[in-house]
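For reference, the structure is listed below as structure tokens.
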Protein chains: 2
Amino acid sequence: MTLSEENYLKTIFHLARDFDKEVPTNAIAEKMETKASSVTDMLKKLAEKKLVHYKKYQGVKLTDQGRFYAASIVRKHRLWEVFLVENLNFTWDEVHDVAEQLEHVKSEKLVDELDEFLGKPTVDPHGDPIPDKSGNVQRMEKILLSACKPGESGTCVGVKSNASRFLQYLDKLEIGLGNEIEILSKEPFDQSMVISNNGKKLSISALTANNIYIQKK
Amino acid sequence: MTLSEENYLKTIFHLARDFDKEVPTNAIAEKMETKASSVTDMLKKLAEKKLVHYKKYQGVKLTDQGRFYAASIVRKHRLWEVFLVENLNFTWDEVHDVAEQLEHVKSEKLVDELDEFLGKPTVDPHGDPIPDKSGNVQRMEKILLSACKPGESGTCVGVKSNASRFLQYLDKLEIGLGNEIEILSKEPFDQSMVISNNGKKLSISALTANNIYIQKK
DNA sequence: ATATATTTTTAGACATACCTAAAATTATTA
DNA sequence: TAATAATTTTAGGTATGTCTAAAAATATAT
């Protein structure tokens, strides 16, 4: 499996959550910052390898085999992120690019031992679940902060975007995993919110609220 | 810098020890299990990037820049080997292939932090020196066991080959880094030796003796 | 329902890194 | 030193993964 093939699989795996059915060619092209024609070429190749179900003009779905493989890449990515934060003093906004490289290293023993070394973690530094060895991803019930009404509250359990800028902004606001968050008010004009973050009152934009996941009590 | 370019640089770096002067095209081709014509192609590219000095038919030498870059790859390779053995229960015969992949991961912070995490080791699990951040390789005075005469003795400080088969054989003989080794006798017919390994008498072939480094007392 | 817009695929190129076969150069030896 | 052998380079070709531009299919809107 080439690096490029792995990246396509992974992208389809992630997009499959947004599109419940087939993932459109263009969605893949956009996410990978490439052209639709390149995607088409690759989809044909992945289809020949039985990693995706592909019918012209109908988008793609991962096969069981493809999903398993994709999950194993995501598993590696997230395990490495844990390692970087827990052992190498990386912050949650620094891990992505490095994990993006480390996820392609091939060695079953490496993954097994790393998992063991880290104490078999279940989530990465952004709160995303780490697929298990069989490719199963534990589904958490979490909702976007933007979907909450004033008065509702919960624990911050994840972020939708992993962009450095965003994560650094959260650090500045002192918003992090595990924090207690309550929606105090919501502005009808622009959907911005005033929230209580571990007891501290602060105001966030709709865009920010739309990238924070909480688990309701 | 592509993966391929990095592998060529590294190979030239290693071969430069054997050939004191320019490294011949064919030597590179053999080591990399590729064809001389492919090597020529790459040497031209590396020369354009000022990473090697290359004159047609005259072999190559690394430039300062090329040597620095190559050393940084070797540094990463060896640091990862230490990590695999010290923290992930790898044995010295298992680390090479995985380190071969990990060495290409690009992140200065990753290397710095890994070095720190491991306690700034100076040698890898095979006794090979780890280049420092500036690309300097600490030169050890070590000699091949095959070059020793009966009566001479020293400490095992390295191996010339990193082949799994060979390392596993050493494990079976219980020969490892730090062991006290003395040459008891040498057979003139085939240069095989009887040695004392940490007090235990055993017999080894000339080929084996030619792949073990010791440091004389 | 037909025209228009959007999405997707095809066709044909390009760069990388490899290959084989033949030519050029350098080294060896008689 | 001339002939032969070995090494190295060149020339031309292949597979991968990308691209642009044009054609085909699907979706949308009047």
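All values derive from a computational prediction rather than experimental measurement.
What separates NZ of A/Lys44 from P of C/dT8 is a distance of 14 Å, to the nearest Å. Rounding to whole angstrom units, NZ of residue B/Lys55 and P of D/dT8 are separated by 15 Å. Atom OH in A/Tyr54 sits about 12 Å away from atom C1' in D/dA25, given to the nearest Å. For the pair B/Glu48 CD and C/dT16 C1', the interatomic distance rounds to 14 Å; values are reported in whole Å. Atom-to-atom, CE of B/Met42 to P of C/dA15 comes out at 16 Å; the value is rounded to the nearest Å. Summarising the geometry, the separation between CD1 on B/Ile28 and C1' on D/dT8 is reported as 12 Å, rounded to the nearest angstrom. For B/Lys56 and D/dA11, the NZ to C1' distance is 13 Å, given to the nearest whole Å. At whole-Å resolution of the value, CD in B/Glu22 and P in D/dT7 are 17 Å apart.
Close to C/dT9, at under 4.0 Å from its OP1 or OP2, lies no side-chain N or O of A/Lys35. Applying the 4.0 Å criterion to OP1 and OP2 of D/dT10, one finds that B/Tyr57 has every side-chain N and O outside that range. A close approach under 4.0 Å does not occur between any side-chain nitrogen or oxygen of A/Asn26 and OP1 or OP2 of C/dT6. When the side-chain nitrogen and oxygen atoms of A/Ser4 are compared with OP1 and OP2 of D/dT16, none of them lie within a distance under 4.0 Å. Note on A/Ser37: every side-chain N or O is 4.0 Å or more away from OP1 and OP2 of C/dA11.
Rounding to the nearest 0.5 Å gives a distance of 10.0 Å between CD of B/Glu81 and CG of B/Leu102. The CG atom of A/Asp115 sits 9.5 Å away from atom CG of A/Asp132, with the distance rounded to the nearest 0.5 Å. How far OG of B/Ser161 is from NE2 of B/His126: 9.0 Å, rounded to the nearest 0.5 Å.
At a threshold of 4.0 angstrom between heavy atoms, the contacts of B/Ser38 include nucleobase atoms, whether or not backbone atoms are also involved. Counting any heavy atom pair closer than 4.0 Å across all strands shown, A/Thr25 reaches sugar-phosphate atoms only and no base atom. Among the atoms of the strands shown, base atoms are found under 4.0 Å from some heavy atom of A/Asp41. Among the atoms of the strands shown, only primed sugar atoms or phosphate atoms (P, OP1, OP2) are found under 4.0 Å from some heavy atom of B/Gln58.
The minimum heavy-atom distance linking B/Pro121 with B/Leu79 is given by the pair CG-CD2, 3.8 Å.
The base of D/dT10 has none of its N or O atoms less than 3.5 Å from a complementary donor or acceptor on the side chain of B/Thr40.
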Any chance you could lay out the side-chain contact (heavy atoms from CB on, under 4.5 Å) test for A/Ile28 and A/Val23, step after step, and finish with the verdict? CA-CA 8 Å; A/Ile28 301 170; A/Val23 178; 3.8 Å; yes
